[in-house]
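Each chain gets a letter, A, B and so on, in the order its sequence line appears, and its residues count up from 1.
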Amino acid sequence: MSGVHGKDSGLGRRTLLRAVGASGAGVLLSAAAPAAWAAGAPRPASVTAAATGSEAGRTRVHVLVVDGCRPDEITASGTPTLAALREAGTWFPQARSLPVMETIPNHVMMMTGARPDRTGVPANSVYDRALGRVRTLDRPGDLRFPTLLERVRELGLTSASVLSKEYLYGIFGDRATFRWEPEPIVPISGHAPDHYTVDALIAMVDAADPDVCLTNLGDIDRMGHSDLTGTTLRAARQAALLSTDRQVGRFVDHLRDRGLWESTVLIILADHSMDWSLVWKTVSGTRILAGDTELAEHMVVAQNGGADLFSWTGPDAGRSAALARAAALLEAHPGVLSVHAPAQLRLGPEAGDLVAYCAAGWRFTDPYVVSNPIPGNHGHPASEPIPFMVTGGSPLVRKGHTSSEPARTVDVAPTVAGLLGLGAPDGGYDGTARTAAFTG
Amino acid sequence: MHTSQNPHDPEYPETLAQTSRRAVVRTGVLAGAAVLAGGVPAFTPAGQGAAAAAPTPASGPFRHGVASGDPHPDGVLLWTRVTPTDEAVPGSGAGPDVTVSWIVALDPDFTRVAARGTVRTGAGRDHTVKVPVSGLAPATEYWFRFRTHGGVSPAGRTRTAPAAGAAVDHLRFGVVSCANWQAGHFSAYRHLSRERLDAVLHLGDYLYEYAPGEYQARDAVVRPHEPAREMTTLADYRARHGQYKTDPDLQRLHAAAPFIVTWDDHESANDAYDDGAENHTEGAEGSWRQRRAWAQQAYAEWMPVRYEPGETLYRRLHFGSLASLSMLDLRTYRDQQASSQLSDEIDDPDRSITGQAQMDWLLAGLVGESAQWKLVGNPVMITPVRFPSTLNTAELQGLHELLGTTTIDGVPYNVDQWDGYVADRNRVIRHLRDHGVKDTVFLTGDIHSGWACDLPADPLTYPLNRESVATELVCTSVTSDNLDDILGVPPRTASLSVEAAIRASNPHVRYLDFDSHGYSVLDVTAAGVRMDWYRLDERTSPGSGASRTASYDVAAGTQRVRSTGGVL
């Protein structure tokens with residue numbers, strides 16, 4: 001750990017801490033402002049002595065997202081650590097991701113407890129009407145709803161984000177008291193490998209000992225997306241699962257070693273699941289609409305894997321008729337499961353005018369047939385089921401329990417808030433506190 | 001039928017309302033004790049209420065037992081049949097209208113009364129009584145009985161369903177099908193009556209239409225059917241229902257737990273479909289439409305089911321957040337069975353086993369359902385099964401008789417099942433995949449054998465990827481003939497090679513028992529669903545014992561069956 005210094009960044013004045021990860025690599029952590037370190041448990045002057053034990057009555061909450069993991073992939077042989085953690089806590093086998101089943105909106109739902117029509121974040125990729133182009137929702141200003149990460153400060157508590165994906169780091173901005181800027185980033189995938197992410201998480205615990213921490217582990221998802229060989233996909237995926245499982249185990253071991261396990265509630269879930277398509281099972285929304293001159297000219301597609309978001313850019317007068325024609329063309333096409341108005345899915349205006357889902361085993365590829373060569377896919381209903389467990393060493397955790405409650409990603413915020421005694425945001429939560437996971 | 005649940009209703013007999021508890025209890029106990037003396041002890045919840053599951057006497061107004069069915073969170077359907085005069089036998093159309101009072105209590109001594117009322121019945125509905133009681137508490141055990149001039153019925157135990165969305169730790173169901181009176185005794189029902197069940201799922205073939213000698217235990221008619229002819233008229237169907245309801249073991253089970261029923265074919269006629277049946281000769285046996293209407297009327301009258309003629313039998317019941325149960329009707333709307341397994345008809349997308357409305361209802365329920373376990377009461381098997389190529393002539397002939405079809409290697413083995421309606425099955429499988437529906441379990445009867453199967457997303461690729469979208473657990477027959485009976489060999493001999501061959505050709509079939517008669521018990525928790533199969537020692541013996549033969553479970557989220565310790 002090399003100490004703390006101030007830096008005036010584009011995000012405003014922040015404090016940086018360069019720590020040494022467990023593997024020896026440097027880990028750069030930041031705090032929103034110098035005062036933030038003081039609000040954290042060990043505070044700058046005593047950073048090296050951080051996290052030496054649990055104060056009486058204090059509960060630490062870690063939300064660990066195993067990005068893109070399927071619930072049936074957690075097995076005693078394939079992911080022994082996760083399977084053991086599941087057995088040691090409460091598992092929700094009915095858990096599901098929410099529309100659109102993509103990374104950014106579901107992380108946002110986890111931290112806000114609100115659906116996209118309130119958060120402003122319906123998908124990874126949307127058509128930005130102001131800019132007139134499709135872009136990723138990776139800007140702090142895209143998220144217009146308070147998150148746990150900043151709200152816990154009302155209670156004098158601290159938060160941290162350890163996010164392996166650049167766009168997640170982008171959208172959550174400086175909301176957390178403490179943050180890790182993901183590095184090194186793998187080209188193309190845009191994520192930091194889990195080994196480095198857990199290095200950072202461990203450093204974060206040692207340096208800041210936050211009350212609430214959101215961590216995203218991206219390897220499983222990226223292995224689902226990036227492996228193009230097909231024949232080796234299953235083996236590669238299995239290797240990624242085992243690797244990530246070991247990283248989770250390394251983190252848990254660290255908490256135990258530091259005497260923090262008994263005060264920790266660990267919520268492990270995925271943001272979405274994963275479905276695989278064959279090479280030829282593609283749907284191009286652009287091509288489907290190409291035969292209709294007006295649609296071809298005025299309909300813009302934001303591709304989100306298993307979901308396409310269509311925005312009408314033509315004159316208002318022709319909007320309704322155009323959307324009706326587009327919906328009819330899409331619904332009639334093989335591989336298209338269903339077409340919805342965004343409001344049906346509780347998506348706000350950012351989602352555009354129509355949302356099309358693909359069927360299981362298919363994927364959208366726009367604007368061209370070769371635009372999306374990735375076999376691993378999500379965003380459509382087949383990718384809704386997710387693992388969701390509440391575990392940890394805290395005596396609050398109900399051990400060895402399975403609950404039929406329909407847990408959702410949006411339930412994380414109210415569940416965590418309930419643990420910490422934090423009230424609901426204005427307008428209340430859309431999610432439900434999953435109290436079945438706790439004793440008493 | 002007029003019903004009243006209000007004790008202050010002027011039609012509610014004051015004498016009944018004021019009947020002393022002591023008098024009623026004594027009467028009930030005596031009614032049960034008379035039969036218990038010579039029979040097997042019945043299930044007695046908490047050691048009380050000795051009359052709870054006792055069969056009724058052959059005289060007096062209550063000769064056909066009591067029953068309950070279709071539990072809801074706030075109520076349950078009560079059933080009985082009164083015989084006001086000796087002439088008023090089932091199907092006779094004779095006997096006066098009568099008033100019957102009913103009472104529901106929280107205890108078997110009927111000291112804590114929860115609901116009571118009266119109902120009128122008469123020959124117009126064959127003197128059957130159905131009372132949809134409401135206003136009860138969820139997930140609660142109740143006792144009930146009836147009274148009319150001249151007698152008090154035995155008491156029955158029932159249980160309401162958990163409240164909507166409520167957390168439920170455990171559900172326990174009996175699962176049965178295919179009870180042929182002529183093929184043996186209903187010992188399976190007696191053994192099940194000793195379990196503390198939330199409900200009994202009867203998946204069809206509750207009774208059979210045949211005349212004596214047409215279908216029995218191998219070559220022996222253990223007990224002849226009445227009337228002694230194939231049932232084709234309303235009077236026949238009523239009388240046959242009446243005969244079955246005199247069985248002491250059936251009465252015990254009906255009095256021990258609510259039933260949730262659906263029909264298969266034999267409640268009307270073998271291999272029924274929308275416009276006919278294999279065992280119906282149009283003209284000589286009247287019109288199929290009329291015959292089926294009569295069969296359905298008798299079924300509505302005699303079964304504890306929330307169904308009346310003209311309504312749909314398919315329906316969905318809910319058990320908190322733990323489970324839903326969709327009960328299918330796969331006879332009323334299906335197209336005629338394909339002429340053979342080689343026919344292109346089995347793949348015809350215009351042919352249906354469910355009918356469009358029921359399919360839409362089923363699919364919508366599987367996706368929209370908030371409960372974890374989507375249980376489907378499924379009268380015929382949905383798992384694809386193909387004939388192996390290694391069977392000898394006798395084995396093929398045995399399967400032919402069991403399935404009522406011609407066996408040809410490598411083709412679907414029974415086109416009366418979903419195998420004969422491939423497009424409909426594909427709709428279900430595709431829907432489960434497309435919507436990521438987990439924890440769907442088909443609970444099935446019909447085929448006189450026990451099965452535990454994965455439902456492959458694609459049977460061709462299943463051996464490579466084991467991708468399964470649901471599971472199917474099939475109970476065996478209570479008494480109806482199965483493979484060893486047809487082959488004329490001792491149980492667990494010749495059938496073993498057939499089972500092994502079918503499993504080898506269909507690797508998604510994890511368990512298969514072609515020989516046993518008996519029943520199953522299904523336990524449901526959030527962590528998993530488990531079915532135990534029980535085999536009768538001897539179906540033709542009225543006092544037959546039973547023993548567990550196998551147990552398989554489905555862990556939550558897996559869509560796969562697995563043995564819990566091997567076949568016993």
Side-chain angles (χ1 to χ4, degrees), chain A residues 69-76 83 86-87 90-98 101 231 233-234 272-278 306 334-338 357-362 378-389 398 400-408 432 434-437, chain B residues 162 164-171 318-324 363-364 366-375 426-427 429-441 454 457-458 461 464-471 524-529 553-560 562:
Chain A
C69 184
R70 293 164 55 111
D72 55 3
E73 289 178 321
I74 297 182
T75 63
R86 182 177 66 187
E87 297 301 316
T90 295
W91 176 43
F92 293 88
Q94 272 221 86
R96 297 179 89 86
S97 174
L98 287 169
M101 282 62 74
T231 55
L233 187 146
R234 187 168 294 275
H272 54 75
S273 184
M274 189 66 72
D275 181 39
W276 283 277
S277 56
L278 298 171
V336 175
L337 177 64
S338 54
Y357 283 143
C358 69
W362 292 75
H378 52 85
H380 51 316
S383 58
E384 286 180 8
I386 53 170
F388 192 128
M389 68 181 83
R398 194 170 174 187
H401 181 60
T402 305
S403 172
S404 292
E405 290 184 5
R408 302 288 184 261
T432 302
R434 293 301 164 194
T435 55
Chain B
V168 179
D169 290 335
H170 181 211
L171 294 167
H318 303 271
F319 298 87
S321 65
L322 184 57
S324 67
L363 299 186
L366 291 173
V367 168
E369 182 53 57
S370 61
Q372 179 189 350
W373 292 99
K374 275 69 71 175
L375 308 177
N426 287 344
R427 286 186 188 102
I429 290 173
R430 195 164 54 238
H431 190 77
L432 294 173
R433 283 193 71 205
D434 283 344
H435 293 276
V437 179
K438 303 296 183 187
D439 295 342
T440 302
V441 182
D454 295 349
D458 180 352
T461 58
L464 299 174
N465 60 25
R466 289 202 65 202
E467 188 181 350
S468 174
V469 297
T471 52
V524 185
T525 68
V529 164
D553 73 4
V554 183
T558 65
Q559 284 64 247
R560 290 177 185 164
R562 64 181 181 189

>> So, using side chain to side chain donor-acceptor pair (under 3.5 Å) as the criterion, who are the partners of Ser404(A) when residues are at least two apart?
In response: Gln372(B)
> Excluding sequence neighbours, so at least two apart, what forms ring-ring contact (aromatic ring centres under 6.0 Å, His included) with His435(B)?
Replying inline: His431(B)
> Given a strict heavy-atom distance threshold of 4.5 Å, which part of Ala167(B) is in contact with chain A: side chain, backbone, both, or neither?
Replying inline: neither
>> Rounded at 0.5 Å granularity, tell me how far CZ in Arg433(B) sits from CG in Leu337(A).
In response: 11.5 Å
>> At a 4.5 Å cut-off on heavy atoms, which part of Trp362(A) comes close to chain B: side chain, backbone, both, or neither?
In response: neither
> What heavy-atom pair brings Pro385(A) and Gly436(B) nearest, and what distance separates the two atoms?
Replying inline: CG-O, 3.3 Å
> Do you know which of Ser321(B), Gly557(B), Ala457(B) has the most heavy-atom pairs with chain A at a distance under 4.5 angstrom?
Replying inline: Ser321(B)
> Pro381(A) and Asp434(B): which non-hydrogen atoms are nearest, and at how many Å?
Replying inline: CB-O, 3.4 Å
>> So which atom in Pro93(A) and which in Ala526(B) form the shortest heavy-atom distance, rounded to 0.1 Å?
In response: CG-O, 3.9 Å
>> Please identify, among Arg96(A), Arg70(A), Glu384(A), the residue contributing the most non-hydrogen atom pairs under 4.5 Å to chain B.
In response: Arg96(A)
> Once you round to the nearest 0.5 Å, how far does CD of Glu405(A) lie from CG of Leu322(B)?
Replying inline: 11.5 Å
> Quick one: what part of Ala555(B) sits under 4.5 Å from any heavy atom of chain A, side chain, backbone, both or neither?
Replying inline: neither
